[in-house]
Amino acid sequence: MNFFEAQERARKSSRALVWWFILSVIGVILVMYLLVTVFLQFIQPNPQDIYQTTDTAQLVWWNPEMFAWVSALVGGVVMTGSWVKLAQLSAGGKVVAQSLGGRVVEPTTTDLPERRLLNVVEEMAIASGVPVPGVWIMDEEQGINAFAAGTDPANAVIGVTRGTLDRLTRSELQGVVAHEFSHILNGDMKLNMRLMGWIFGLVMLSMLGRIMVESFRFIRGTRDSKGDVIVLAIVAAGLAVWLVGSIGVLFARMLQAAISRQREYLADASAVQFTRDSEGIAGALKKIGGFSEHGTIRSPKAMEARHMFFAGSGLNSLMATHPPLDKRIRAIDPRWNGEMLEGMADPVRVEEFSGTMGFSGRLEQTASRGSVDALGESVRLDSHVGAVIREDLRAGKVTAFSKQEAKTLLLGLMVAADRDGRGTAKRILEENGLDAETVAQVIAWSVDLEAYDSSKKLALVDLSLSWLRKMSQSEAQDFVKTSQALIEVDGQVNLFEFLLQKVIERHVMIGLGLKPVPRMHHRKIDDLERELADLLGVFAALAGGGTAIEKAAAGYREHTGRELPRSTAGLAEVSDALAEMDAATPLVKQQILRLCGLVVMDDGFVADQEMELLRATAEAIGAPIPPLVRAVM
């Protein structure tokens with residue numbers, strides 16, 4: 001599976017979902033209009049204020065003014081509910097995790113099962129080239145389940161139940177986490193968040209009707225017939241709104257089921273490719289089938305998010321959001337004998353955290369013309385790469401253990417490697433209010449990290465995000481301002497350090513809600529012709545001059561029929577180009593990265609610095625790609 005293509009399908013599914021949502025709202029409006037028409041005409045007062053029924057043959061079925069009022073009221077309730085919910089969800093996956101009763105897992109946790117979970121998530125994040133998501137645990141949930149939520153990888157979270165930690169082995173936990181990472185990478189997560197917002201709007205009418213019916217208890221009507229009828233009218237209206245709202249709930253459940261089922265098969269298959277282990281995720285599914293609690297989530301908010309979970313409620317029906325467990329298992333393990341499993345997690349051993357669990361190895365470059373053409377292919381994902389990189393960083397003690405340490409580490413990555421550059425950086429850091437001790441730490445990191453290759457440098461960025469999310473918004477703005485000041489020193493920062501700052505800026509600003517996730521409005525690569533020329537011109541200058549861009553220009557000509565302009569842009573123009581590219585569709589981003597790859601592959605060899613640029617560009621435009629290395633055990 002190609003993740004860029006999967007993201008494009010998810011985007012198109014989102015557009016189709018909009019139309020289904022609109023049709024659902026129209027259906028709810030029509031039902032409400034019919035009920036109001038019958039109610040207002042069937043029971044009318046005569047001049048003596050005595051209510052009487054009207055013959056059905058005398059009913060007037062079409063009343064434009066009434067239809068407009070019903071449409072405005074019902075549509076207003078649904079759209080307002082959806083808008084409010086989507087606005088809440090724009091803060092990222094933590095909103096969903098909190099609503100489900102989750103608790104954030106701190107990076108400094110000493111609980112061994114939680115430490116195992118964090119390790120697995122970090123390994124998967126490094127291997128897939130995305131920031132480490134926030135990790136949450138639903139302590140009160142004993143069923144085996146998990147979810148991924150967020151509007152962008154920068155604000156994504158992964159949540160698991162207590163039952164998942166208590167009952168799954170490390171291999172099975174890896175399979176579940178890999179499944180959830182697939183949802184992050186292929187665009188399902190963002191689609192699921194939109195679906196959650198729209199479903200809330202459709203459910204709003206049912207909630208309003210229930211409130212109207214329950215208000216009957218607090219109404220003190222008069223004893224005359226007119227007062228009694230008014231009270232009964234309110235109750236009847238409440239029941240009607242509740243009934244219509246229930247139809248909205250039905251539509252909502254149908255939308256959930258229609259979107260989710262096929263995507264679960266794709267995520268299962270991606271998890272097998274990701275972990276190179278079919279037994280892990282298959283074992284997790286078998287334990288869900290064999291455990292008495294199955295995948296049950298008891299949170300009152302679970303129904304809104306049921307399409308996000310790893311496993312469904314266990315009901316095999318038209319409204320089920322997940323395929324039956326046995327079908328999912330057989331798709332992974334065709335020789336399965338039909339037996340479900342019971343059991344607990346394997347004991348968490350100290351060796352898991354000391355580098356002696358078989359994760360050691362070396363990394364071997366895989367960058368080639370073939371790997372450039374295969375950017376985004378799920379087969380390129382390998383959790384072992386993440387494990388090896390993570391162990392190498394741990395062995396070299398190059399990890400952040402506090403928010404302050406993460407900030408100094410990332411600033412150190414952006415400081416120029418030469419002595420003059422460090423001197424200038426020191427002055428800039430002091431001018432931006434950093435104390436002498438912090439400045440010294442930044443300079444020390446710049447020295448220690450100078451020899452690290454691209455896969456490790458970008459892994460450090462991804463690993464540090466869990467700490468940077470703990471910054472306040474004002475603190476984050478100061479941090480981004482300081483990083484920008486380092487970049488704006490002419491001649492002191494190279495292209496990779498510039499791109500690295502853009503990656504950090506994007507993740508921090510979106511992750512902390514300081515910047516919205518860009519809306520996709522560039523649907524063709526020639527919409528970005530000038531921006532592409534600026535970016536490729538910088539890549540060509542690094543790769544060896546004008547001839548390096550010819551293959552990319554030929555590829556652009558073949559795809560669009562247009563000539564690619566030549567550019568001698570500076571970093572300011574490239575910054576603007578990256579911002580525009582972030583608003584491109586997934587397939588356009590894939591085309592951009594492929595053309596960049598053709599430039600750096602011009603001489604048939606990809607230097608480490610060129611790999612740094614390619615991956616940093618991918619992260620800066622919101623299209624992360626895995627490290628261009630493989631693990632050799």
Side-chain angles (χ1 to χ4, degrees), residues 12-45 51-87 89 191-216 229-261 303-304 306-307 317-321:
K12 291 180 178 179
S13 294
S14 182
R15 289 163 57 187
L17 187 62
V18 172
W19 288 108
W20 281 111
F21 175 70
I22 292 171
L23 290 175
S24 298
V25 175
I26 291 173
V28 171
I29 289 173
L30 289 175
V31 173
M32 179 61 84
Y33 171 73
L34 291 175
L35 287 175
V36 171
T37 297
V38 172
F39 181 77
L40 292 181
Q41 295 187 73
F42 202 75
I43 301 179
Q44 298 183 22
Y51 286 82
Q52 62 185 13
T53 62
T54 301
D55 190 285
T56 55
Q58 298 176 350
L59 290 176
V60 178
W61 292 104
W62 177 240
N63 184 331
E65 184 177 355
M66 185 187 300
F67 182 77
W69 275 105
V70 170
S71 298
L73 290 172
V74 174
V77 169
V78 174
M79 299 306 294
T80 299
S82 295
W83 181 82
V84 169
K85 190 67 173 181
L86 287 169
L89 295 175
L191 176 62
N192 286 339
M193 294 286 276
R194 287 184 179 177
L195 182 57
M196 190 176 184
W198 292 333
I199 284 172
F200 184 81
L202 289 172
V203 173
M204 275 283 289
L205 280 177
S206 178
M207 297 166 59
L208 181 61
R210 188 165 61 248
I211 292 171
M212 291 174 67
V213 172
E214 290 178 352
S215 68
F216 171 71
V229 170
I230 291 174
V231 171
L232 290 174
I234 293 174
V235 174
L239 288 172
V241 172
W242 175 82
L243 175 63
V244 174
S246 298
I247 295 173
V249 173
L250 177 65
F251 285 141
R253 302 298 172 244
M254 292 173 65
L255 285 174
Q256 282 180 313
I259 290 296
S260 300
R261 289 186 182 182
M303 191 59 71
E304 294 178 19
R306 67 186 191 130
H307 57 288
S317 68
L318 182 64
M319 298 300 168
T321 55

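In this text, all values refer to a predicted model and were calculated from it rather than measured experimentally.
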CD1 of Ile199 to CE of Met303, rounded to nearest 0.5 Å, is 10.5 Å
Could you tell me whether the side chain of Phe67 reaches within less than 4.5 Å of the side chain of Ile29, counting heavy atoms only?
-> yes
Nearest heavy atoms of Asn192 and His307, plus distance in Å | O-NE2, 3.0 Å
Taking all non-hydrogen atoms of both residues into account, name the closest pair between Gly201 and Ser82 and its distance.
-> CA-OG, 3.3 Å
Which pair of non-hydrogen atoms, one from Val70 and one from Met32, has the smallest distance, and what is that distance?
-> CG1-CG, 3.7 Å
Which atoms form the tightest heavy-atom contact between Leu89 and Met196, and what is the distance?
-> CD1-CB, 4.0 Å
All heavy atoms of Glu304 vs all of Lys85, minimum pair found to be OE1-NZ, 3.4 Å
Val78 and Trp198, any side-chain heavy atoms less than 4.5 Å apart | no
Heavy atoms only: give me the nearest Gly197-Leu86 pair and the separation to one decimal.
-> CA-CD2, 3.8 Å
